[in-house]
Amino acid sequence: GEDVEQSLFLSVREGDSSVINCTYTDSSSTYLYWYKQEPGAGLQLLTYIFSNMDMKQDQRLTVLLNKKDKHLSLRIADTQTGDSAIYFCARRTNTDKLIFGTGTRLQVFP
Amino acid sequence: KAGVTQTPRYLIKTRGQQVTLSCSPISGHRSVSWYQQTPGQGLQFLFEYFSETQRNKGNFPGRFSGRQFSNSRSEMNVSTLELGDSALYLCASSLVGEKLFFGSGTQLSVL
């Protein structure tokens with residue numbers, strides 16, 4: 001299967017941490033990605049992780065990968081109003097195409 | 001370094017017409033792939049080109065086609081447009097490696 005699933009909506013208070021979750025069914029992924037999409041814009045690459053890694057940290061962003069459970073998460077520390085957007089996880093197949101999740105809309109309130 | 005550039009930004013067409021969208025990858029990137037984004041189906045892979053050769057193709061009808069030129073610029077064409085082709089079409093480029101960078105997309109409306 002190619003399904004990649006995400007919860008649809010997440011609401012957090014400014015300054016709190018956000019955790020966006022993603023599950024996938026096919027374990028033959030090479031890389032897993034997190035993209036951000038703001039209204040009317042394309043996809044901005046936030047971070048990515050190679051499939052044989054467990055964790056990657058990049059400033060406010062932490063990616064965790066649980067290969068056994070096929071679960072990927074993105075933690076945003078000190079969430080700001082500018083982080084409000086739709087976040088997509090994606091897995092890269094061994095034929096180099098990306099399979100995207102449905103997207104999680106993150107709303108940050110003051 | 002300039003990012004991925006897609007033109008035009010917006011397009012309005014009527015059913016039965018054809019349309020050509022353009023994508024200029026980041027300088028030095030030889031792989032270009034195309035995705036369709038709709039509210040109902042989400043983001044779906046169309047095709048990928050590398051050094052002027054189509055390497056991979058998604059599950060779209062033959063009305064959707066593409067090509068890549070020697071300078072790595074790519075075009076995609078949709079013939080005999082249908083209402084359901086209304087979507088944001090996104091192009092991504094990459095070196096041979098892990099990062100794919102997307103353009104801002106072309107918003108196509110079919111009336």
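Proteins get letters first, then strands, A, B, ... in listed order; numbering begins at 1 in each.
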* Asked: Would V108(A) end up clustered with I20(A) when hydrophobic side chains under 4.5 Å apart are linked, directly or stepwise?
  -> yes
* To do: Check each atom of T95(A) against the heavy atoms of chain B and say whether the ones under 4.5 Å are side chain, backbone, both or neither.
  => both
* Within 6.0 Å of CZ in R15(B), more than 12 heavy atoms from elsewhere -> no
* To do: Please round to the nearest 0.5 Å and tell me the distance separating atom CG of D96(A) and atom CG of L100(B).
  => 8.0 Å
* Indicate, with yes or no, if L90(B) and M76(B) share a hydrophobic cluster defined by side-chain heavy-atom contacts under 4.5 Å among Ile, Leu, Val, Met, Phe, Trp and Tyr. => no
* Are F60(B) and Y89(B) connected in a single hydrophobic cluster, I mean Ile/Leu/Val/Met/Phe/Trp/Tyr linked by side-chain heavy atoms less than 4.5 Å apart? -> yes
* To the nearest 0.5 Å, how far apart are NZ in K97(A) and NZ in K57(B)? -> 11.0 Å
* With the 4.5 Å side-chain cut-off for hydrophobic clustering, are L32(A) and M53(A) part of the same group? -> yes
* Asked: Is any residue of residues 32-46 of chain B within less than 4.5 Å of chain A by heavy atoms, and which ones?
  -> Y35(B), Q37(B), L43(B), F45(B)
* Cluster overlap Y24(A) with F50(A), hydrophobic side-chain contacts below 4.5 Å -> yes
* Using a heavy-atom cutoff of under 4.5 Å, enumerate the residues of residues 58-88 of chain A that contact chain B, numbered in order, or state 'none'. => F88(A)
* To do: Report, by ascending residue number, the residues of residues 102-111 of chain B in heavy-atom contact with chain A at a distance under 4.5 Å; give 'none' if the set is empty.
  => F102(B), G103(B), S104(B)
* Structure fact -> Expected contact set for residues 35-48 of chain A against chain B at heavy-atom separation under 4.5 Å reads Y35(A), Q37(A), G40(A), A41(A), G42(A), L43(A), L45(A), Y48(A)
